[in-house]
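Residue numbers begin at 1 in each chain, while the letters A, B, ... track the order of the sequences.
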Amino acid sequence: MKELETKYDHLKVEEGKYDFWLKKRVFESGQSKGPAYTIVIPPPNVTGKLHLGHAVDTTLQDILIRYKKMQGFDTLWVPGMDHAGIATQAKVEARLMAQGINKYDLGRENFLKQSWAWKEEYADFIHEQWKKLGLSLDYTKERFTLDEGLNKAVTHVFVSLYNKGLIYQGERIINWDIKLKTALSNIEVIYKPSKSKMYYFKYAIPNSQEYIPVATTRPETMFADECVVINARDPRYLKYLNKMVINPSNNELVPVIADNYVEIDFGTGAMKCTPAHDPNDYLLGKKYNLRFRKCLNKDGTVNELGHKYAGLDRFVAREEMVKDMLENGSLIKIETIENQVGYSERSDTIVEPYLSKQWFVKMKPLAEQVIKYQKSNDKINFYPARFEKTLIQWMENIEDWCISRQLWWGHQIPVWYRKDSNKILVSEKAPTDIENYKQDEDVLDTWFSSALWPFSTLGWPENSHNYQKYYPNSVLVTAYDIIFFWVSRMIFEGIEFTHQKPFNDVLIHGLIRDEQGRKMTKSLGNGIDPMDIIAKYGADSLRYFLISGVAPGLDTRFSIEKIEASWNFINKIWNASRYILMNIGLEDYQLEIDKLELVDNWIINKYNELVNKVTLNLDKYEFGLVCSDVYSFIYDYFCSWYIELAKVNLNSDNLQIRNNSKAVLKTLLIGILKILHPIMPFVTEEIYQSLINSNEVALVTTNWPKEIKIKENGNDFNYIIDIITSIRSFKSENNIIPSKTISLYIKSENKEILKVLEENRKFIGKFTYAPEIVIDKDINNSEIGKTIVLNNITLFIPMTSYLNIKEEIININKNIDKINFEIKRGEGILNNKSFIEKAPPEKIREEKEKLSNNKQKLKELNETLAILNNNS
RNA sequence: GGAAGUUUAGCUCAGCUGGGAGAGCAACGCCCUUACAAGGCGUGGGUCGUGGGUUCGAGCCCCUCAACUUCCACCA
């Protein structure tokens, strides 16, 4: 027989468990005849290790998968990782740079080899971490966003969208990363509040002292100015309309035009227009047919338009030209302002709005489909529901999606340009006469492939078995910060290409913040490695911590105390199990429903309530509620009460009673282990295997617990608990040590209750240290003692020596006041016609019962008071 | 500028469709009771951000204001 160690040792418990599950192949799909239940993991980037955010996200998914598997579903949890184009390329470049290698010297092919090597390396880290977390992933179905199958899906989608006119190539202002030399989508730009300088320049009227003042934060773009724009209703500048002014940076003459876009009250009321370097100016350029001249190179240096500043970095050039213009008098002033400056998410350099030829997805038609779909009965359900609004708002305000990236690491765009003409070929297959073509060198935005993740991982666009069986996904689990980037894109691609929603539900969770409530970021260095927590407290503690006390969609604050509390809770379960194993061993006891005692029915009833609540709340994704229900059942009812009470029965002379207790303890423990298994898989597995003395059966392959049918609900046992609790309080409050023996008289006017008391006398005696209990004896009126009035029961402890009669009279009077107040309240409510008419009958019945209890209590208290008064 | 969230015990947070406020940690008192002292038993502590409203009844629903947080969009 396998015994449990005296203390919970998470290292020993978790050692080898995952390998056991893998060996048993319990995570592989297709083993159940039940309906499919599918989750695809949000693929982590292969740029680094998993953080606590991944830990919450995957824990939630693992709970769902294990729970559904125990319920008989054919579960599939698809693992995978994201190639994370820009992020990975930036890391690989940096690593090469550290070795003194330039990627251009290396060449595209060799660079990709390096990138794949990087991917393998980081995939190993991530696999190791998934293992430590205990995730029930089906590795036979693992995918990568850059694998061959996904490439097929990606090219298929690109070509289809192109043929439908939803992908186009265009020259537009995009966010340009001068360091990585690639376009970025809007969401790859991080805006940070900064102190910037606002420069005011004179755009002079030729042969005059007059000028139009114009402000800019980016003077280096002035070399490409095409005009000055004013508002036609602005009296200050109207006289200059259609005249020419001198651009002070290069002395070019530019026209003054008018457009309502310019606000009279803002700034100087006049703005310079640089169509190739600013998105709003670009629109004006289109509107007025301006030239789109660029004055910056792709690396952020000034080009030949900058004349003497050509070749200087944009910011160096800025300093220089400002200095020069200060000297020649065209600089009016410099103000320091607070504004938002866009930085590249990956290279952390200031993003340059830049005119460039890129590929775009036309978003309007796709977004409208999503909005329409969410108005249908078949809509995707968001948990919590409010996040649907975030999606819809994003869809309503969406702009075209720039999908081309000037990178090597990614899906190369399936477009071929004919060398001898300007014809292009957009095709899933390379042209046969490839020597006459050159493929577009750019790759697609990473999100272009991750947007297909829910179905591409299942074999789409082939109509494969997996796709048929496991699509759509049951639920998508992710944090709220990724709804825009990812969730919305999966939805419109899913609807467009699979003609159905990609997942039935979307479960949104919050972020893990540090102990001070700050976001965990690299720059703050306040990140916590989940692996460190697992080493110290175990994966089970971490997992329990991550979901307990958390409301859906809200952030969690990291707390080492709470992780310790989680560990303590597991230790409690461990010890309870150890006790049960010690007393029952491996003997098999059948639960004989007909022969159970009240106490057994009482705990089974509580257990049944637990099973029902937990099942309901898991289906509602209310993991926080699951934790609190499980915790209070195990801690309060099962450990503090039932196990302690069972100690009496386990020592009983009566074989039946002993067997009842053993059977209930063992049955409920197994039930508890099953309920807890999805949350804390390792320790429950360990205890379960000890309990059945076999390491052959994995707990996750057993059935989810159901209610145990019992003959009565055992609620009358609450009288016993009330009595014990009140005696304990009495002793504690009166500085009587708990083990001090007392005499105890109990009376009640209810015959049924008296019967219950009689039958459970052994428990009362043991826990109140009352060797002799007198039930329903007329209490001698002259006797002095402590009277405790409970619902339907009055306790009396004859204890002259311990009792200060005067104080006791004061106490009882206080009590009487309280009860009178309660009676008044109850009568008030019950005399309220509206209440009687409108309140649910259940509530009315409750209030009536309370009132009659209170009246009875008052009567008892008054009698007690009379006796004390007679003796004082 | 637009949107969302948060405000409950000393701290960190639960509180599901409105029916007399809960947990963990901390504090205090007692207890080495043979599963557990990383424990047990017990106690104290909240006018649920403000001001109104709806209702027989509001922490929960509606409105006002305040503070904090986040997201989106940003004007030269």
Student: As a test of reading the structure: which of B:rC31, B:rA4, B:rA35 is closest to the side chain of A:I737, going by heavy atoms?
Tutor: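 The nucleotide sitting nearest to the side chain is B:rC31.
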
Student: Scan A:W567 against the nucleic acid and name what it touches under 4.0 Å (heavy atoms): base, sugar-phosphate only, or nothing.
Tutor: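 Touches a base.
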
Student: Which of the following nucleotides, B:rG19, B:rC72, B:rU43, is nearest to the side chain of A:S729?
Tutor: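 Of the candidates, B:rU43 comes closest.
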
Student: Does the base of B:rC36 carry an N or O that pairs as donor and acceptor with the side chain of A:K572 under 3.5 Å?
Tutor: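 Pair found.
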
Student: Considering only B:rG24, B:rU12, B:rA35, which nucleotide approaches the side chain of A:K647 most closely?
Tutor: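 From the listed options, B:rA35 comes nearest.
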
Student: Classify the nucleic acid contact of A:S739 as base, sugar-phosphate or nothing, counting any heavy atom under 4.0 Å across all strands shown.
Tutor: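 Here A:S739 touches no strand at all.
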
Student: Using the C1' atom on both, measure B:rG15 against B:rA9 and round to a whole Å.
Tutor: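 Each nucleotide's C1' atom is 14 Å from the other's.
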
Student: For A:Y261 and A:D281, does a side-chain donor sit closer than 3.5 Å to a side-chain acceptor?
Tutor: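 Checked: A:Y261/A:D281 side chains show no N/O donor-acceptor pair below 3.5 Å.
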
Student: Of A:T725 and A:D555, whose nearest nucleotide on RNA chain B comes first from the 5' end?
Tutor: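 Nearest nucleotide further toward 5': that of A:D555.
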
Student: Side chain of A:L625 only, heavy atoms from C-beta on: which candidate in B:rC72, B:rA14, B:rC36 is closest?
Tutor: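 Ranking B:rC72, B:rA14, B:rC36 by closest atom to the A:L625 side chain puts B:rA14 first.
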
Student: How is A:Y635 classified with respect to the nucleic acid when contacts are heavy atoms under 4.0 Å: base, sugar-phosphate, or nothing?
Tutor: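 If one applies the 4.0 Å heavy-atom cut-off, A:Y635 turns out to touch the sugar-phosphate alone, with no base involved.
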
Student: Applying a 4.0 Å non-hydrogen cut-off, can you work out what A:Q393 is touching in the nucleic acid: base, sugar-phosphate, or nothing?
Tutor: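 The answer is sugar-phosphate, as A:Q393 gets under 4.0 Å only of primed atoms, P, OP1 or OP2.
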
Student: By the 4.0 Å heavy-atom rule, please label A:Y631 as base, sugar-phosphate, or nothing.
Tutor: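 Sugar-phosphate, no base atom in range.
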
Student: Determine which nucleotide pairs with B:rG59, using a 3.5 Å limit on both distances of a Watson-Crick or G-U wobble pair.
Tutor: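 Its partner is none (no Watson-Crick or G-U wobble pair with both distances under 3.5 Å).
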
Student: Would you say the ring centroid of A:Y211 lies under 6.0 angstrom from that of A:F201?
Tutor: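 Not close enough - the centres of the two rings lie 6.0 Å or further apart.
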
Student: Judged by atom type as modelled, is there a donor-acceptor pair below 3.5 Å linking the side chain of A:S732 to the main-chain atoms of A:R728?
Tutor: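 Checking the backbone N and O of A:R728 against the side chain of A:S732, no donor-acceptor pair under 3.5 Å is found.
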
Student: Donor-acceptor check, side chain of A:N651 to backbone of A:K647, threshold 3.5 angstrom: yes or no?
Tutor: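 Checking the backbone N and O of A:K647 against the side chain of A:N651, a donor-acceptor pair under 3.5 Å is found.
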
Student: Please compare A:S732 and A:D265 by the position of their nearest nucleotide in RNA chain B and report the one closer to 5'.
Tutor: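 Per heavy-atom nearest nucleotide, the more 5' residue is A:S732.
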
Student: Please give, in whole Å, the distance from B:rA76 P to A:K197 NZ?
Tutor: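 So the NZ-P distance, A:K197 to B:rA76, works out to 17 Å.
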
Student: Nearest of B:rC56, B:rC36, B:rU12 to any side-chain atom of A:S834?
Tutor: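 Minimum distance to the A:S834 side chain belongs to B:rC56.
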
Student: Using the side-chain heavy atoms of A:E263, tell me which of these nucleotides is nearest: B:rC72, B:rC36, B:rA76.
Tutor: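 When the side chain of A:E263 is considered, B:rA76 is the closest of B:rC72, B:rC36, B:rA76.
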
Student: What is the pairing partner of B:rA14, taking Watson-Crick or G-U wobble pairs with both distances under 3.5 Å in any strand?
Tutor: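 Paired with B:rA14, as far as the under-3.5 Å criterion goes, is no nucleotide at all.
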
Student: Which part of the nucleic acid does A:D481 contact within heavy-atom distance under 4.0 Å: base, sugar-phosphate only, or nothing?
Tutor: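 A:D481: no heavy atom of the nucleic acid under 4.0 Å.
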
Student: Yes or no on side chain to side chain contact (heavy atoms under 4.5 Å, CB included) for A:K731 and A:Y769, after CA distance, side-chain angles and deciding distance?
Tutor: CA-CA 11 Å; A:K731 285 183 173 174; A:Y769 293 86; 3.8 Å; yes

Student: Is any side-chain nitrogen or oxygen of A:R728 closer than 4.0 Å to OP1 or OP2 of B:rG42?
Tutor: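 For B:rG42, OP1/OP2 do have a side-chain N/O of A:R728 under 4.0 Å.
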
Student: For A:K7, which contact category applies under a 4.0 Å heavy-atom criterion: base, sugar-phosphate, or nothing?
Tutor: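 Here A:K7 touches the bases of the nucleic acid.
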
Student: Is there a Watson-Crick or G-U wobble partner for B:rA21 with both distances under 3.5 Å, and which nucleotide is it?
Tutor: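 No nucleotide pairs with B:rA21.
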
Student: Would you say A:N734's side chain and A:I736's backbone share a donor-acceptor pair under 3.5 angstrom?
Tutor: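 No; judged by distance alone, with no hydrogens or angles, the pair does not exist.
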
Student: Touch check for A:E564, heavy atoms < 4.0 angstrom, all strands: base, sugar-phosphate only, or nothing?
Tutor: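 If one applies the 4.0 Å heavy-atom cut-off, A:E564 turns out to touch nothing in the nucleic acid.
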
Student: Does B:rG24 have OP1 or OP2 sitting under 4.0 Å from an N or O in the side chain of A:S559?
Tutor: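 So the side-chain polar atoms of A:S559 never come under 4.0 Å of the phosphate oxygens OP1 or OP2 of B:rG24.
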
Student: Is the phosphate of B:rC30 approached by A:N735 (side-chain N or O, under 4.0 Å from OP1 or OP2)?
Tutor: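 No, outside the criterion.
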
Student: The side chain of A:R386 lies closest to which of these nucleotides: B:rA38, B:rA76, B:rG5?
Tutor: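 Shortest atom-to-atom distance from the side chain points to B:rG5.
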
Student: For A:W567, is there any backbone N or O sitting under 3.5 Å from a side-chain donor or acceptor partner on A:N571?
Tutor: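 Looks like no, no N/O pair under 3.5 Å.
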
Student: Students often get this wrong, so: under 4.0 angstrom with heavy atoms, is A:G624 touching a base, only sugar-phosphate, or nothing?
Tutor: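 Nothing, no heavy atom under 4.0 Å.
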
Student: Take atom NE2 of A:H509 and atom P of B:rC13, then tell me their distance rounded to the nearest Å.
Tutor: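 So the two atoms are 18 Å apart, to the nearest Å.
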
Student: Between B:rC71, B:rG29, B:rC41, which nucleotide gets closest to the side-chain atoms of A:K519?
Tutor: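 Of the options given, the side chain of A:K519 lies nearest B:rC71.
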
Student: A:N339 side chain: which of B:rU70, B:rA76, B:rU6 is closest?
Tutor: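 Within the option list, the nearest is B:rA76.
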
Student: Let's test this: given Watson-Crick or G-U wobble pairing with both distances under 3.5 Å, identify the partner of B:rC68.
Tutor: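 Matched B:rC68 with B:rG5 under the 3.5 Å cut-off.
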
Student: Remember a base hit wins even if backbone is also touched, and classify A:S566 as base, sugar-phosphate or nothing at under 4.0 Å, heavy atoms.
Tutor: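 Answer is nothing: A:S566 stays at 4.0 Å or more from every strand.
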
Student: Under 3.5 Å for both donor-acceptor distances, Watson-Crick or wobble: does B:rU47 have a partner, and if so which one?
Tutor: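 Base partner found: none.
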
Student: Just checking A:R218: base, sugar-phosphate only, or nothing, at a heavy-atom cut-off of under 4.0 Å?
Tutor: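 Contact class for A:R218: none.
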
Student: Given that both distances must come in under 3.5 Å, which nucleotide forms a Watson-Crick or G-U wobble pair with B:rA38?
Tutor: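 Pairing partner, where one exists within any strand: none, as none qualifies.
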
Student: Remember a base hit wins even if backbone is also touched, and classify A:C273 as base, sugar-phosphate or nothing at under 4.0 Å, heavy atoms.
Tutor: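 The answer is nothing, as A:C273 stays clear of every strand by at least 4.0 Å.
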
Student: Categorize A:V262 for me: base, sugar-phosphate, or nothing, with a 4.0 angstrom heavy-atom threshold over every strand shown.
Tutor: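 Touches a base.
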
Student: So what does A:A839 touch, heavy atoms closer than 4.0 Å: a base, only the sugar-phosphate, or nothing?
Tutor: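 If one applies the 4.0 Å heavy-atom cut-off, A:A839 turns out to touch a base.
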
Student: Set out, in order, the CA-CA distance, both residues' side-chain angles and the distance that settles side chain to side chain contact (heavy atoms under 4.5 Å, CB included) for A:I670 and A:Y688, then state yes or no.
Tutor: CA-CA 7 Å; A:I670 288 175; A:Y688 181 72; 4.1 Å; yes

Student: Given B:rA23, is OP1 or OP2 found less than 4.0 Å from the side-chain N or O atoms of A:S632?
Tutor: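 No, outside the criterion.
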
Student: Under 5.5 Å between ring centres and under 30° between planes: does that hold for A:F266 against the base of B:rC75?
Tutor: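 Ring-base stacking flag set for A:F266 and B:rC75.
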
Student: Any idea which of B:rC16, B:rC56, B:rA14 is nearest the A:K620 side chain?
Tutor: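 From the listed options, B:rC16 comes nearest.
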
Student: Counting only side-chain N and O atoms of A:N568, is one of them less than 4.0 Å from OP1 or OP2 of B:rC36?
Tutor: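 Checking B:rC36 against A:N568, no side-chain N or O comes under 4.0 Å of OP1 or OP2.
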
Student: Between the side-chain atoms of A:E399 and the base atoms of B:rA73, is any donor-acceptor pair under 3.5 Å?
Tutor: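 It does not, because no donor-acceptor pair links the side chain of A:E399 to the base of B:rA73 below 3.5 Å.
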
Student: Watson-Crick or G-U wobble partner for B:rU54, using a 3.5 Å limit on both distances?
Tutor: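 Paired with no nucleotide.
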
Student: With A:W394 as reference, evaluate A:F484, A:W401, A:F387, A:W486 under the ring pair (Phe, Tyr, Trp, His ring centres under 6.0 Å) test and give the passing residue.
Tutor: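 Of A:F484, A:W401, A:F387, A:W486, ring pair (Phe, Tyr, Trp, His ring centres under 6.0 Å) with A:W394 is met by A:F484 alone.
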
